[in-house]
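Structure record follows, encoded as structure tokens.
A, B, ... follow the sequence lines: proteins, then strands. Residue 1 opens every chain. What's counted below: heavy atoms across the whole structure, side chains too, no hydrogens, waters or symmetry copies. Everything numeric here is computed off the predicted structure, so don't read it as measured data.
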There are 2 protein chains.
Amino acid sequence: MPRPTLWRSIADTLRGELAAGQYRPGDRLPTEAQLAARFGVNRHTVRQALASLAEAGHVHARRGAGVFVTARPTEYPLGRRVRFHQNLAAGGQAAERRMLSLVRRAALYRSVFPEARLPGILAALEAEASVTRALARVGVADFTRAETRLTAKLATPTQALHLRIRPGAPILRSVALNVGPGGQPVELGRTWFAGERVTLTVTPD
Amino acid sequence: MPRPTLWRSIADTLRGELAAGQYRPGDRLPTEAQLAARFGVNRHTVRQALASLAEAGHVHARRGAGVFVTARPTEYPLGRRVRFHQNLAAGGQAAERRMLSLVRRAALYRSVFPEARLPGILAALEAEASVTRALARVGVADFTRAETRLTAKLATPTQALHLRIRPGAPILRSVALNVGPGGQPVELGRTWFAGERVTLTVTPD
DNA sequence: GATATATATTTGTATAGTTGTATAATAATT
DNA sequence: AATTATTATACAACTATACAAATATATATC
């Protein structure tokens with residue numbers, strides 16, 4: 001059993017996204033620099049993860065061009081019972097943006113925006129550092145928290161790195177649904193908190 | 001009172017320099033090797049000092065990069081109803097009567113009642129199975145939830161036994177403060193949920 | 001349109017430095 | 001004598017930086 005290192009957990013994440021069909025055969029993966037920013041690690045750490053995927057035959061790199069998903073994935077040694085599910089893109093989940101690289105505090109977040117309902121949201125997010133300001137740019141002047149779901153999880157190595165806690169430490173996952181004035185959902189924000197250092201307080205008010 | 005050891009005095013020195021503003025939040029400390037040279041000790045002794053500073057949240061280390069001074073955010077303004085704040089291990093519990101009762105489902109709870117303010121509450125609890133009815137017996141006809149605090153923890157073996165999960169699994173701890181009509185606290189209830197099986201949903205209203 | 005040419009991107013390689021972990025040995029304390 | 005603190009050494013994992021090599025893309029030129 002291999003020790004859980006950073007590059008291994010990154011490789012696992014990418015392998016999972018490949019298996020889920022998030023990248024199709026022949027597709028180009030994000031550049032090493034982009035992946036490094038996404039996971040908040042050095043480019044070499046991503047390279048090690050990619051190297052392990054390449055060794056397993058899942059991807060192959062072309063110098064100067066990029067890293068590509070192998071057309072015919074090699075035989076899965078587990079047999080014919082192994083099936084992978086397509087990632088069912090639920091309604092309006094076209095645009096997804098990760099801002100891991102920007103956050104270096106006691107919380108991690110990832111947001112999903114309905115691009116069909118909010119045209120130009122991606123460009124606005126590129127320009128603005130704040131989600132609120134980006135939403136204002138595309139016409140959503142105000143939004144309120146419609147629902148917050150909370151659950152406890154264990155920190156993955158990558159989460160642990162960014163939250164400055166040890167892997168396996170308890171984290172608090174918050175999934176918040178924000179809606180606009182008309183009640184239409186405008187953002188689905190996931191936030192992870194270091195459970196040992198943070199307390200969430202809910203007051204009726 | 002901790003014994004005065006080498007690493008403790010080194011930690012004290014560094015903590016003093018941090019407090020004096022010699023290193024600002026975000027700054028990188030000298031490398032462990034440099035600190036070891038400065039104090040004339042082995043690198044491991046410095047590491048022990050740094051570890052204690054890290055545990056206290058003053059610094060955090062990034063493998064390969066260095067040791068950095070932590071910037072501690074104090075509050076997370078996520079909305080009017082939801083606030084996150086640091087868990088400062090504020091003790092200060094008054095004389096309490098404890099009653100442990102266990103539910104054979106996915107949650108454990110333990111309540112604290114102010115006996116001085118609610119004479120006879122113990123007897124009422126003995127007689128009644130419901131906390132609400134017991135409170136009604138001692139004159140608290142109605143009470144409302146004034147505040148709920150949530151945090152993630154790891155299950156102790158005992159909790160794991162009752163929640164039917166494995167020790168070390170993530171659990172969600174909820175501390176709810178219930179107040180009577182006049183705003184006086186009548187119950188402090190702690191509940192543990194199996195984080196892997198339970199999701200708490202917070203909705204306005 | 002075709003073809004060079006320049007420029008920016010992207011992967012490959014090399015080197016050095018830093019923290020994390022493991023093991024063992026030595027000195028100090030009780 | 002036994003436990004704890006400190007030292008010593010070696011290696012693993014990750015970061016930082018720089019540069020080379022191949023590719024992609026736009027631009028200019030014919």
Please state how far atom [atom1] in [X] lies from atom [atom2] in [N], giving the value in whole angstrom units.
X	N	atom1	atom2	value
A:R63	D:dA20	CZ	C1'	7 Å
B:H60	D:dT15	NE2	P	14 Å
A:L161	C:dT19	CG	P	15 Å
A:R166	C:dT21	CZ	P	12 Å
A:R8	D:dA13	CZ	C1'	11 Å
A:R47	C:dT10	CZ	P	14 Å
A:L6	D:dC14	CG	C1'	8 Å
B:F39	D:dT7	CZ	P	13 Å

Has the side chain of A:H44 got a donor or acceptor atom sitting under 3.5 Å from an opposite partner on the base of D:dA13? no
Check whether any side-chain N or O of [X] sits under 4.0 Å from OP1 or OP2 of [N], and answer yes or no.
X	N	answer
A:R43	D:dA16	no
A:T45	D:dA13	no
B:R62	D:dA16	yes
B:W7	D:dT6	yes

Nearest of [options] to any side-chain atom of [X]?
X	options	answer
A:N42	C:dT18, D:dT6, D:dT15	D:dT15
A:T31	C:dT19, D:dT7, C:dT11	C:dT11
A:A65	C:dT21, D:dT23, D:dT6	D:dT23
B:A61	C:dT11, C:dG20, D:dT6	C:dG20
B:V41	C:dT13, D:dT7, C:dT19	D:dT7

Are any non-hydrogen side-chain atoms of [X] and [Y] less than 4.5 angstrom apart?
X	Y	result
A:L50	A:L35	yes
A:H60	A:L53	no
A:W7	A:P157	no

Yes or no on salt bridge (charged side-chain N to carboxylate O under 4.0 Å, His left out) for A:R166 and B:E55, after CA distance, side-chain angles and deciding distance? CA-CA 11 Å; A:R166 66 183 191 285; B:E55 180 129 13; over 6 Å; no
Regarding A:T191 and A:S174, do their side chains bring together a donor and an acceptor under 3.5 Å, going by distance alone? no
A:G64 or B:R28: which one's nearest nucleotide on DNA chain C is closer to the 5' end? A:G64
